[in-house]
Amino acid sequence: QPALVYAALHFSPNVITVVVMQTICNIFVIAANAYYCLSTLKVKFKLHFWDKNFICELFFFSFFIFLAMIVNEAYWRTGQIILGAVIGTAAVAVYSITVQLASAFMSFSSAVSGVFFPHLSAISAKTDDMKPINEIFIKIGRIQFIIISLVFSGFLIYGKQFVILWIGDGFKDAYFYAVILFSALLIPVVQNTGVFILQAKNKHYFRSIALFCLAVVNIIISIPMAKKYGGLGCACVTGGCILLGQGLILNIYYSKIGIDIKSFFKNIIFMAPPALIVCLTGFAVERFFLTADVYALAGKIILFSALFFALMYKFAFNQYEKNLFLTPAFYIINRIKKAKS
């Protein structure tokens, strides 16, 4: 898609061209999925009868998922709109970089949890026992914490240099705004398996309504805060609403429906010290080896990541995580040996 958009912009450099190319790509992907389902998977459709109750249930189930998507857009888009209205385009440009960074931060964990939605649905359909669901919730949460703690601590240390090298010194405020949002997102991104659990058990209505109310509060408070503090005000308000809604209210709700939140946080707290030690070490080293070169920055990030995984492997990983970590390494070694032979 980026390659097609880039090529098309040489012939017609405007926003309509971008939209048209994105639409064409999306239509192609949908058609490819349909062809695969019909030709390879041999999916067949047969409408036996019209089940009014089922259609109504499906509508309400889908509506609250749709509402949650709208709320998500409200959290990440309204700040830019408000800043554009009360301050100007310069503030919008900086805040848009913050939103991009936050989106990338969230994507690191959602890639892991989304894989388990079908499995959670199958368990929920067979039994009301929460024990196997809690095991998955904790197991995936631990893996997500490993990834997210690496990204968060690395961004704290090297994020400012990265932003300056990426888009220039004039956008360095995006780093500070992003740190605020990352801090607020720490709990939600290691618990987003809980969202799939709610959907699998058809109990996601409360989450959507609660987050919708907080999104409205976010908009109302962000307007005066943006006027007084600019992008910093928007970031603080959005971060506060995320922390209140997804960090506090949702955890209370999770515990009410049978998710073992206490065991989850015990596991996360146990894993936190090695990550904290690596982060403090990185800060101490960075004070003496501050560089503005992209290759030096890449080298430091690689060394930091290696130290992070070494300490986590030694002091925090359980046997499942050790096997998960070593399996790709053994696979690569075996492939190299086969290639040489």
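Checked by atom type, the side-chain pair Q144/N192 shows a donor-acceptor distance below 3.5 Å. A donor atom on one side chain and an acceptor atom on the other are found under 3.5 Å apart for Q319 and N323. For the 3.5 Å distance criterion, the side chains of Q191 and N251 qualify, holding a donor opposite an acceptor.
Using modelled atom types, one side-chain atom of S96 and one backbone atom of A93 make a donor-acceptor pair closer than 3.5 Å. Checking side-chain atoms of H204 against main-chain N and O of F61 turns up a donor-acceptor pair under 3.5 Å. Judged by distance alone, the side chain of S62 and the main-chain N or O of F59 form no donor-acceptor pair under 3.5 Å.
Transitive grouping of hydrophobic side chains (ILVMFWY, heavy atoms separated by less than 4.5 Å) keeps V20 and Y6 in distinct clusters. Hydrophobic clustering of Ile, Leu, Val, Met, Phe, Trp and Tyr side chains at less than 4.5 Å, counting indirect connections, unites L165 with I167. I257 and L248 end up in the same hydrophobic cluster when Ile, Leu, Val, Met, Phe, Trp and Tyr side chains are linked at under 4.5 Å.
Nearest approach of K300 to Y158, heavy atoms of both residues: O-OH, 3.7 Å. For the residue pair V190 and L186, the shortest heavy atom distance occurs at CG2-O, 3.3 Å. Between I157 and C279, the shortest heavy-atom contact is CD1-O, 3.5 Å. Closest approach of N14 and L9 over heavy atoms only: O-CD2, 3.8 Å. Taking all atoms of both residues into account, the shortest heavy-atom contact from D260 to S263 is OD2-OG, 2.6 Å. Contact between C25 and Q1 at its shortest, heavy atoms only, is CB-OE1, 3.6 Å.
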Exercise for the section: Could you please spell out the steps behind the salt bridge (Lys or Arg N to Asp or Glu O under 4.0 Å) verdict for K139 and E321? Expected result: CA-CA 9 Å; K139 179 169 71 173; E321 290 152 1; over 6 Å; no
Exercise for the section: Before giving the answer on side-chain contact (heavy atoms from CB on, under 4.5 Å), spell out for F152 and S183 the whole-Å C-alpha distance, their side-chain angles and the decisive distance to 0.1 Å. Expected result: CA-CA 8 Å; F152 180 67; S183 301; 3.7 Å; yes
Handout entry: side-chain contact (heavy atoms from CB on, under 4.5 Å) between V43 and F45, worked out
Key = CA-CA 7 Å; V43 174; F45 301 95; 3.8 Å; yes
Problem - Working for side-chain contact (heavy atoms from CB on, under 4.5 Å), residues S208 and V71 - result: CA-CA 8 Å; S208 298; V71 169; over 6 Å; no
Exercise for the section: Show your working on side-chain contact (heavy atoms from CB on, under 4.5 Å) between L307 and L303 and close with a plain yes or no. Expected result: CA-CA 6 Å; L307 176 62; L303 290 174; over 6 Å; no
Exercise for the section: Take N26 and T23 through the side chain to side chain donor-acceptor pair (under 3.5 Å) test and state the conclusion after the steps. Expected result: CA-CA 5 Å; N26 289 335; T23 303; 5.6 Å; no
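Shown here is K322, whose NZ atom has more than 12 heavy atoms of other residues, nucleotides or ligands within 6.0 Å. Heavy-atom neighbours of F28 CZ from other residues, nucleotides or ligands within 6.0 Å: at or below the threshold of 12. For F283, the CZ atom counts as densely surrounded, since its 6.0 Å shell holds more than 12 non-hydrogen atoms of other residues, nucleotides or ligands. Under a cut-off of 6.0 angstrom, the local environment of OH in Y205 is crowded, with over 12 non-hydrogen atoms contributed by other residues, nucleotides or ligands.
At a threshold of 4.5 Å between non-hydrogen side-chain atoms, the residues F137 and I261 count as touching. Residues W166 and L101 are in side-chain contact: their nearest non-hydrogen atoms beyond the backbone lie under 4.5 Å apart. Contact check for R207 versus L250: side-chain heavy atoms found under the 4.5 Å cut-off. F304 has its side chain within reach of L150: a pair of non-hydrogen atoms, C-beta onward, lies under 4.5 Å apart.
Note that the SG atom of C236 and the CE atom of M225 stand 6.0 Å from one another [nearest 0.5 Å]. How far CD1 of I147 is from CZ of R142: 13.0 Å, rounded to the nearest 0.5 Å. How far OG1 of T193 is from CG of L198: 11.0 Å, rounded to the nearest 0.5 Å. The CD1 atom of I219 sits 4.5 Å away from the OG1 atom of T78 when rounded to the nearest 0.5 Å. The distance from the CG atom of N134 to the NZ atom of K262 is 13.0 Å, given to the nearest 0.5 Å. Rounding to the nearest 0.5 Å places CE of M312 at 4.0 Å from CE of M271.
Taking the six-membered ring where the residue is Trp, Y313 and F325 present tilted rings, their angle falling between 30° and 60°. Using cut-offs of 30° and 60° on the angle between ring planes, the pair Y95 and Y177 is tilted.
If you look at Y175 and F155, their ring centroids are closer than 6.0 Å.
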